[in-house]
Peer 1: 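Structure below; questions to follow.
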There are 2 protein chains.
Amino acid sequence: MRMSVVLFDGFTALDVVGGYEVLANVPGIEVEIVAAEVGLVAADTRRLGLHAYRRLADTPLTDLLYIPGGPGVFNSIHDAALLAAITRLHASATWTFAVCNGVELLGAAGLLRGKQVTTNWFARDRVAAHGARVEKARFVRDGRLVTAAGVSASIDAGLFLAGLIAGEEIAKTIQLGIEYYPEPPFGNGTPDTASTTAQAMVRLFEESSVERLRDAKAPFERSSP
Amino acid sequence: MRMSVVLFDGFTALDVVGGYEVLANVPGIEVEIVAAEVGLVAADTRRLGLHAYRRLADTPLTDLLYIPGGPGVFNSIHDAALLAAITRLHASATWTFAVCNGVELLGAAGLLRGKQVTTNWFARDRVAAHGARVEKARFVRDGRLVTAAGVSASIDAGLFLAGLIAGEEIAKTIQLGIEYYPEPPFGNGTPDTASTTAQAMVRLFEESSVERLRDAKAPFERSSP
């Protein structure tokens with residue numbers, strides 16, 4: 001089973017690696033990292049670069065389509081070639097796995113009408129505007145579509161999907177392999193119970209995403225545009 | 001404040017990205033990815049490559065030394081140049097942050113005598129053999145040394161360190177930013193309460209690490225040896 005992780009400029013690294021670290025360890029899943037062009041793709045911080053080794057144009061189909069989110073989504077929802085590739089890969093995929101505001105990319109491609117999904121807490125309205133029914137949940141399954149809430153939720157959603165693909169015993173073994181027995185040092189909760197100060201700060205940060213990505217340069221050569 | 005993340009062949013991606021995603025968002029922290037050579041470094045799965053853009057030899061000091069773990073540690077503990085660089089960077093760092101069996105690298109460098117640490121559950125004996133007092137904990141602080149249990153514990157430990165550096169309010173804002181309100185789909189626990197089947201499978205996987213790394217080739221050119 002081939003899992004194709006789609007990168008775009010300004011992705012969030014943990015959106016990719018959280019689910020990757022789970023799903024790459026499912027027996028029989030072979031991971032590939034794909035993007036518009038072969039080469040380094042810069043994460044949102046501009047301080048980390050992941051290598052894409054296959055072009056989307058050279059990826060006619062896949063078994064598991066993996067779409068991360070990140071501030072780059074604000075630009076990527078206008079990228080017609082990316083949306084066309086997502087539409088094509090989703091059509092034949094056994095599973096589509098979208099994380100965080102990466103779920104918006106499916107919406108922008110017109111693939112979410114009537115679908116039950118989750119997404120990053122601050123992206124709920126934008127995803128709902130594409131006709132999806134957005135739940136306040138860590139992960140949601142609707143048929144062959146599994147969606148995750150923000151960033152680190154890719155781990156929980158990845159374990160959930162690993163359970164669907166390979167069974168609960170394998171998923172629990174992977175949970176041990178990545179030692180996922182979380183203890184957030186300042187307690188758990190939900191985005192909706194976070195302090196209004198924290199919510200306001202994160203929203204401000206998100207609203208400045210496009211400017212930050214435009215103005216910051218990665219300290220490495222990027223071969224993707 | 002400069003945070004230097006040290007890569008070596010066969011690192012585990014989530015060991016790096018879990019803590020990076022937290023600490024890169026602490027105001028004033030600038031991340032750099034360093035390795036023996038500039039270029040792509042292959043993760044343990046051989047399906048993901050991260051770009052190192054500074055040589056360890058060109059990194060005389062840092063403020064926050066970040067050491068991930070992974071199957072590659074089995075080889076790297078014999079890499080004298082790496083251990084010398086870790087010793088040098090640790091000497092001047094305000095903080096040293098080591099994850100998973102990456103803690104063994106500090107031990108192999110002779111830096112753990114009498115230190116209180118945690119590590120990946122299956123690496124406890126090997127770390128203790130270097131003179132450390134190993135706790136069964138998600139993260140442990142001993143002075144300027146913060147250690148994390150396996151892989152995903154880099155997130156919890158990163159939030160803990162973010163709180164020490166920038167205060168609890170900032171750490172909680174980052175927790176919201178990465179939406180770290182975990183809900184493991186098959187429940188929480190500890191490595192020690194995992195099923196004996198899962199424990200045996202993970203140990204088998206770990207014991208074959210050196211062979212797996214040697215035999216698998218990454219589908220991209222590696223410029224690091």
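What you see is a predicted model, and the numbers here were worked out from it, not measured in a lab. Below, chain A is the first sequence line, B the second, and so on; all start at residue 1.
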Peer 1: Just wondering, do F220(B) and V38(A) contact through their side chains at under 4.5 Å, heavy atoms?
Peer 2: no
Peer 1: Among Q175(A), K172(A), R54(A), E168(A), single out the residue with the greatest number of heavy-atom pairs under 4.5 Å to chain B.
Peer 2: E168(A)
Peer 1: Can you confirm whether more than 12 heavy atoms, excluding those of D125(A), are under 6.0 Å from its CG atom?
Peer 2: no
Peer 1: Could you state the interatomic distance from OG1 (T190(A)) to CD (E183(B)), rounded to the nearest 0.5 Å?
Peer 2: 9.0 Å
Peer 1: Could you tell me which portion of F186(B) (side chain, backbone, both or neither) has an atom closer than 4.5 angstrom to a non-hydrogen atom of chain A?
Peer 2: both
Peer 1: Pick whichever of G163(B), G189(B), A194(B), A52(B) has the most heavy-atom pairs under 4.5 Å with chain A.
Peer 2: G189(B)
Peer 1: Are side-chain heavy atoms of E169(B) and S195(A) found at a separation under 4.5 Å?
Peer 2: yes
Peer 1: Heavy-atom distances under 4.5 Å only: say whether A13(B) touches chain A with side chain, backbone, both or neither.
Peer 2: both
Peer 1: Is M201(B) close to I170(A) at the side-chain level, that is, under 4.5 Å between some pair of heavy atoms?
Peer 2: yes
Peer 1: By a 4.5 Å heavy-atom criterion (distance strictly below it), what part of L14(B) contacts chain A: side chain, backbone, both, or neither?
Peer 2: both
Peer 1: Can you check side-chain contact (heavy atoms from CB on, under 4.5 Å) on V17(A) and V16(B), steps first, answer last?
Peer 2: CA-CA 9 Å; V17(A) 171; V16(B) 170; over 6 Å; no
Peer 1: Of all of V202(B), T173(B), N188(B), which one pairs up most often with chain A through heavy atoms under 4.5 Å apart?
Peer 2: N188(B)
Peer 1: Among G177(A), P182(A), A153(A), which residue has the highest count of heavy-atom pairs closer than 4.5 Å to chain B?
Peer 2: P182(A)
Peer 1: Quick one: what part of I155(A) sits under 4.5 Å from any heavy atom of chain B, side chain, backbone, both or neither?
Peer 2: side chain
Peer 1: Measure the spacing between CD1 of I178(A) and CG of N120(B) and express it to the nearest 0.5 Å.
Peer 2: 11.5 Å
Peer 1: For the atom pair CZ (F205(B)) and CD1 (I174(A)), what is the distance rounded to the nearest 0.5 Å?
Peer 2: 9.0 Å
Peer 1: By a 4.5 Å heavy-atom criterion (distance strictly below it), what part of A157(B) contacts chain A: side chain, backbone, both, or neither?
Peer 2: neither
Peer 1: Can you tell which part of T193(B) gets under 4.5 Å to a heavy atom of chain A, answering side chain, backbone, both or neither?
Peer 2: neither
Peer 1: Taking atom CD of E179(A) and atom CG of D156(B), what is their separation to the nearest 0.5 Å?
Peer 2: 10.5 Å
Peer 1: Working to the nearest 0.5 angstrom, can you tell me the gap between E21(A) CD and L48(B) CG?
Peer 2: 8.5 Å
Peer 1: Specify which of R203(B), E30(B), Q199(B) makes the most heavy-atom pairs with chain A at under 4.5 Å.
Peer 2: E30(B)
Peer 1: Do P184(B) and Y181(A) make a side-chain contact, defined as non-hydrogen atoms from C-beta onward lying under 4.5 Å apart?
Peer 2: no
Peer 1: Rounded to the nearest 0.5 Å, what separates atom NE2 in H51(B) from atom CG in L50(A)?
Peer 2: 11.5 Å
Peer 1: Ignoring hydrogens and angles, state whether a donor on the side chain of Y20(A) or T45(B) is under 3.5 Å from an acceptor on the partner side chain.
Peer 2: yes
Peer 1: For the CG atom on D192(A), are there more than 12 heavy atoms of other groups (residues, nucleotides or ligands in this structure) within a distance under 6.0 Å?
Peer 2: yes
